[in-house]
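One structure is given here, and the rest of the page talks about it.
Just so you know, ligand 1 is whichever comes first in the structure, and atom 1 is the first atom listed for that ligand.
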Amino acid sequence: MEELLRHTADLASAHLASLDRRLVGATGEVRAQAELPDGPTDPRNVIDELVKAADPGLVASPGPRYFGFVTGGAVPASLAADWLVSAWDQNAFSHVSSPAAAAFEQVAASWVLDLLRLPAHSGVAFVTGCQMAHVTALAAARHRVLDNVGWSVADQGLFGAPPVTVIVGEHRHSTVDRALRLLGFGNNSVRLVASDRIGQMTVGGLREALESTPGPTIVSVQAGDVNTGGFDPIADIAKLVEKTDAWLHVDGAFGLWVRASTRFAGLAEGVERADSWAFDAHKWLNVPYDSGVVVVADTEAHTAAMTYPGPYLVPTEDRRDPMDWTPDASRRARGIPVYAAIRSLGRSGIADLVERCCDLGRRFGSGLADIPGAELVVEPVINQVLFRFEDDHRTATVLHQVQEGGVAWMGPTRWEGRAAIRMSVSNWMTSESDIDATLAAFREAASTP
Ligand SMILES: *Cc1c(COP(=O)(O)O)cnc(C)c1O
C-alpha cells in the first residue's frame, strides 16, 4: 500500500507539473479497457495502465489557461486535504461515525458564514455542487411556503397541495429548473421575469410577478450570471420579497464569493437578507471536485426538509450530524477540503483570489480591442468575459482554432440570439502572462482568414 501510494503521488505530481506545458484541451482518443478482467491485477499495473490510457483525454482544467465553463483549480492545501479524506475514508454522515469529519465540517461551515457575511445561525451543508445545493435549499423553501398555508409536505406530500409559484429570472441557471423538477414543481409553476442587457432581473418585472401571484411563492435570484457575471439587484428584490410570505433563494454558484472582497462586495449588497443560498467551493474557492455548499437561514425548514429519521442517533446541541442537513446519508467528508482551502488562503487570500481573477478578466477584455473583429458583448462585471467576432460563423471558427491550438481553452455560448465566447477566469494559478498568451492565440486565429 505504502509503495503504491508514493508511486501514485509521484504520478499525480508529474501531471500537475505538466499542466503549464501540456495542450490545454484533450489531445486524442481514450482507449479505456473494455473487457471485464477474469482475475486480479497488480494494483501498480492498474494505476500505470490507467494513467497511460487516460492521458490523451485529460483536460488541463486545473491549470492556468483553462477558461471553460466556470472551473476552479485546486489550491495545494485543499488538494492535499482531499487526498487525506480518501485515505481516512471516513463516513461523514454522522458525528458518531467520524467525530473528526463532523468537527472540521462544523468549523468550515462557520467560516463560510463569516466570510460571506450570511446569518450566523444558518444551517450549512456540504454537498456535491450547486445543483444539489439548490435541491436542498428549495426543499426547505417548499416546506416553509406550504407550511405557511397549513400544508405539511412531509406528511401530505405534494398531491393536492396548494399550488406554489416559483419566480425566476429569464437567465437563471438550468440547475434551478432541474432542482424544481426533482422537487415536484413542473415548468407550469415557473414564472419568468425579464432581464436587462446583462442578464439581471428587473425589479419592476419582479414587482409585477409578485403582485399577480397570490399563493405560496418562492423567488430565486442569482448572484453572478454564468455568461455575464451580472448580479440581480438583490437589495431591492429583498425589500419587495420581505413584504410578502415568499421565500428568497440565491444562486451564487461562483458570484457569491465577491462577498469576501471589499472591492466587489457591493455587487451582492443585501444578499444576506435572503432565506437560502447555493454556491460552489469547486469553482472560485478552488477546492477540487466535487464541492458545493448550501446555507439556509431557517434551520427549522432546513432540517424539516432534510432530517434523517433513522434510529441511530440522539441529536444533541453540540453534535452536528451532517446527514440532518444534506440529502445524502453516507458521504465523504466534503467539508474538509473546504476547511483546508480557507485555512490556507485566509480572508485576505480569498479576497486576493477573487480580485485577481476579476482584474485578469478585465485585462483580457481590454486586450480584445487590439484583435481585429473581436468585440466585448458586455463590459466584464466580475471574472466572466463575454465576447464575439463579426458573425456567428466567424465566432465559431476563431474559437475552434484557439481550442485546437491548445494554448488555452474556453467554450461557446449564446447571448441575445447570437453566438458568443465565454471566458471564466477562476483559477488561483492564472497570471497576466497566461492572459497575454491567450490574447496572442486569439490574435493569431483572428488573422487567419
Ligand atoms: C455552475 C453553476 C451552477 C451549477 O453548479 P454545479 O456545481 O455544476 O452543480 C449553478 N448556477 C450557476 C450560476 C453556475 O455558474
- [ ] Report the relative orientation of the aromatic rings in Tyr339 and Phe104; use parallel for angles under 30°, tilted for 30 to 60°, perpendicular for over 60°.
- [x] perpendicular
- [ ] Mind checking the CG-NE2 spacing from Leu183 to His143? Nearest 0.5 Å is all I need.
- [x] 13.5 Å
TODO: Can you sort out which atoms of ligand 1 are near Asp280, meaning under 4.0 Å from one of its heavy atoms?
DONE: 5 (O), 6 (P), 7 (O)
Task: For atom 10 (C) of ligand 1, the protein heavy atom that lies nearest, with its residue and separation - done: Thr175 OG1, 3.2 Å
Open item on the list: Does any N or O of ligand 1 fall below 3.5 Å from an N or O anywhere on His134, backbone included?
Closed with: no
TODO: Using a strict 4.0 Å cut-off to heavy atoms of Gly224, name the atoms of ligand 1 that fall inside it.
DONE: 13 (C)
- [ ] Could you see which bit of Met132 sits under 4.0 Å from ligand 1, with heavy atoms only: side chain, backbone, both or neither?
- [x] neither
Open item on the list: Test of understanding: given a 4.0 Å heavy-atom threshold, classify the contact between Phe254 and ligand 1 as side chain, backbone, both, or neither.
Closed with: side chain
Open item on the list: So if I count the atoms of ligand 1 from 1 in the order they appear, which ones are less than 4.0 Å from some heavy atom of Ala253?
Closed with: 2 (C), 3 (C), 10 (C), 11 (N), 12 (C), 13 (C), 14 (C), 15 (O)
- [ ] Classify the side-chain pair Ser220/His249 by whether it contains a donor and acceptor separated by less than 3.5 Å.
- [x] no
TODO: Check whether any N or O atom of Cys130, backbone or side chain, sits under 3.5 Å from an N or O atom of ligand 1, and answer yes or no.
DONE: yes
Open item on the list: Taking 4.0 angstrom as the limit and counting only heavy atoms of His282, give me the atoms of ligand 1 inside it, by number and element.
Closed with: 7 (O)
Task: Minimum-distance protein heavy atom relative to atom 11 (N) of ligand 1 - done: Asp251 OD2, 2.7 Å
- [ ] Using distance alone, with no hydrogens and no angle criterion, decide if Arg418 and Thr395 have a side-chain donor and acceptor under 3.5 Å apart.
- [x] no
- [ ] Considering heavy atoms of the protein only, find what lies nearest to atom 9 (O) of ligand 1 and give residue, atom and distance to 0.1 Å.
- [x] Gln131 N, 2.8 Å
- [ ] Run the contact test for Gly292 against ligand 1 with a 4.0 Å cut-off on heavy atoms, strictly below, and give the result.
- [x] no
- [ ] Would you confirm whether the ring centroid of Phe364 sits within less than 6.0 angstrom of the ring centroid of Phe387?
- [x] yes
- [ ] State whether a side-chain donor-acceptor pair under 3.5 Å links Thr303 with Asp324.
- [x] no
- [ ] Provide, to 0.1 Å, the distance between atom 1 (C) of ligand 1 and the closest protein heavy atom, together with that atom's residue and name.
- [x] Lys283 NZ, 1.3 Å
- [ ] Before accepting this row, confirm whether a basic side-chain N of the pair Arg394/Asp391 lies closer than 4.0 Å to the acidic partner's carboxylate O.
- [x] no
TODO: Find out whether Arg178 and Val135 are in side-chain contact, i.e. whether some heavy atom of one side chain is under 4.5 Å from a heavy atom of the other.
DONE: no
Task: Cationic N near anionic O, under 4.0 Å, Arg144 to Asp147 - done: yes
